[in-house]
K.L.:
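Supplied in structure tokens, the structure appears directly below.
All values below come from the heavy atoms of this structure, side chains included, with hydrogens, waters and symmetry mates left out. Just so it is clear, the model here is predicted, and its values are computed rather than measured.
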Amino acid sequence: MSISQHLGEDVLKRFINYCLHYIADLELPIKRGTFIEFRNGMLNVCPIGRNCSREERNQFYEYDQTHQVRQTMIDRLKEQFSEVDLTYSIGGQISFDVYPVGWDKTFCLRHISKRSKPFREIHFFGDKTSPGGNDYEIFSHAQTIGHQVVSPEDTMKQLAELLKL
């Protein structure tokens, strides 16, 4: 099922309209387009716009650290759409994800548990592992062993230590 099927067209249109109006009224140093991106099971909302350059992405991230643009927008969306069971997760530098409750990264664990020969351990490596981050639910899940990382190099280092390479 897609997010549009789950929410229904009326709720989806109301959500998108609200986001676009909210973003239009934001005073940001720059805006670059593609503010809402449909993905299979979620929406990705990007106040600066996904068409920004690497340098602009880094600048927005620093700006957001100070001004909490994404968290403030999420707080408003939670108020405006309190009747809709949605989860909001900040991920990466410029955007946040919106998806139905239960459709987070733990969704994959349902399929893993159906295996005839279960895994002894499931390790998850993520950078946004605090509450509200897009890795939090699976990082802290009872079925996983969570590892917080800060970069691809850190992931490789921790994996090498774990596997004793």
Side-chain angles (χ1 to χ4, degrees), residues 1-12 14-16 18-19 22 35-48 50 57-58 60-62 64-165:
M1 177 182 286
S2 70
I3 190 160
S4 56
Q5 291 170 318
H6 180 79
L7 294 178
E9 196 60 37
D10 291 339
V11 172
L12 184 62
R14 189 166 59 92
F15 186 89
I16 291 170
Y18 184 87
C19 286
Y22 187 94
F35 301 103
I36 300 174
E37 183 177 271
F38 272 81
R39 297 183 182 168
N40 192 32
M42 69 178 178
L43 298 171
N44 179 265
V45 180
C46 185
I48 185 181
R50 298 211 60 84
R57 171 184 290 263
N58 294 339
F60 177 79
Y61 180 73
E62 293 301 319
D64 188 46
Q65 294 296 102
T66 302
H67 296 91
Q68 298 293 301
V69 174
R70 293 181 289 173
Q71 187 59 57
T72 302
M73 186 173 180
I74 287 170
D75 293 343
R76 298 298 176 279
L77 285 164
K78 284 179 177 179
E79 291 170 11
Q80 191 71 25
F81 294 89
S82 61
E83 80 285 0
V84 184
D85 282 338
L86 293 172
T87 300
Y88 302 84
S89 293
I90 293 176
Q93 294 180 295
I94 60 173
S95 64
F96 61 90
D97 297 332
V98 181
Y99 47 86
V101 170
W103 288 22
D104 56 45
K105 291 180 181 182
T106 62
F107 192 83
C108 66
L109 297 174
R110 299 174 198 178
H111 302 288
I112 291 173
S113 65
K114 293 178 184 175
R115 290 175 40 100
S116 59
K117 184 178 177 188
F119 293 106
R120 285 185 296 122
E121 295 179 340
I122 301 169
H123 292 259
F124 175 80
F125 296 80
D127 62 337
K128 303 292 186 197
T129 58
S130 298
N134 68 344
D135 295 328
Y136 175 73
E137 287 81 5
I138 194 165
F139 172 82
S140 60
H141 196 277
Q143 284 183 253
T144 66
I145 299 168
H147 303 270
Q148 184 171 15
V149 295
V150 295
S151 67
E153 295 77 22
D154 186 30
T155 305
M156 290 173 55
K157 178 182 174 219
Q158 289 190 42
L159 270 171
E161 290 172 9
L162 182 68
L163 299 173
K164 298 183 186 348
L165 298 177

K.L.:
What distance separates Leu109 CG from Ile122 CD1, expressed to the nearest 0.5 Å?
P.N.:
5.5 Å

K.L.:
Under 3.5 Å, which donor-acceptor pairs link side chains of residues 74-87 to any protein atom two or more places apart or in another chain?
P.N.:
from  : atom 1 : to    : atom 2 : distance (Å)
Asp75 : OD1    : Gln71 : NE2    : 2.9
Glu83 : OE2    : Arg14 : NH2    : 2.4

K.L.:
Which heavy-atom pair separates Tyr99 from Ser89 by the least distance, and what is that distance?
P.N.:
OH-OG, 2.8 Å

K.L.:
Output the distance between atom CZ (Phe139) and atom NE2 (His147), rounded to the nearest 0.5 Å.
P.N.:
8.5 Å

K.L.:
Please collect all side-chain hydrogen bond (donor to acceptor under 3.5 Å, both in side chains) contacts where either partner lies in residues 131-146, sequence neighbours excluded, each pair once.
P.N.:
Lys105-Asp135

K.L.:
Taking the side chain as every heavy atom from C-beta outward, state whether Ser95 and Arg50 have any atom pair closer than 4.5 Å.
P.N.:
yes

K.L.:
Of all the heavy-atom pairs spanning Gly92 and Tyr61, show the shortest one and how long it is.
P.N.:
O-CE1, 4.2 Å

K.L.:
Please find the pair of heavy atoms, one from Cys46 and one from Ile94, that lie closest to each other, and give the distance.
P.N.:
SG-O, 3.4 Å

K.L.:
Can you tell me how far apart CD1 (Ile138) and SG (Cys108) are? Round to the nearest 0.5 Å.
P.N.:
4.0 Å

K.L.:
Check whether any side-chain heavy atom of Phe119 lies under 4.5 Å from a side-chain heavy atom of Ile112, and answer yes or no.
P.N.:
yes

K.L.:
Residues in side chain to side chain donor-acceptor pair (under 3.5 Å) with Glu121, at least two apart?
P.N.:
His123

K.L.:
Heavy-atom distance under 4.5 Å between the side chains of Met73 and Pro47, does that happen here?
P.N.:
yes

K.L.:
Which pair of heavy atoms, one from Phe125 and one from Val149, lies closest together, and at what distance?
P.N.:
CD2-CG1, 3.9 Å

K.L.:
So do the side chains of Val69 and Ile48 get within less than 4.5 Å of each other, counting heavy atoms only?
P.N.:
no

K.L.:
Who passes side chain to side chain donor-acceptor pair (under 3.5 Å) against Asp97, sequence neighbours left out?
P.N.:
Asn44

K.L.:
Can you tell if the side chain of Asn40 reaches within under 4.5 Å of the side chain of Trp103, non-hydrogen atoms only?
P.N.:
no

K.L.:
Enter the distance from Gln148:CD to Thr155:OG1 here, rounded to the nearest 0.5 Å.
P.N.:
10.5 Å

K.L.:
Considering all heavy atoms of both residues, which atom of Ile90 and which atom of Phe96 are nearest to each other, and what is their separation?
P.N.:
CA-CB, 3.9 Å

K.L.:
So, using side chain to side chain donor-acceptor pair (under 3.5 Å) as the criterion, who are the partners of Ser4 when residues are at least two apart?
P.N.:
Ser2

K.L.:
Distance check, rounded to the nearest 0.5 Å: Phe15 atom CZ versus Ile36 atom CD1?
P.N.:
7.0 Å

K.L.:
Taking side chain to side chain donor-acceptor pair (under 3.5 Å) as the definition, give me every residue that meets it alongside Gln158, ordered by chain and number, with sequence neighbours left out.
P.N.:
Asp154

K.L.:
Enter the distance from Asp64:CG to Gln93:CD here, rounded to the nearest 0.5 Å.
P.N.:
10.0 Å

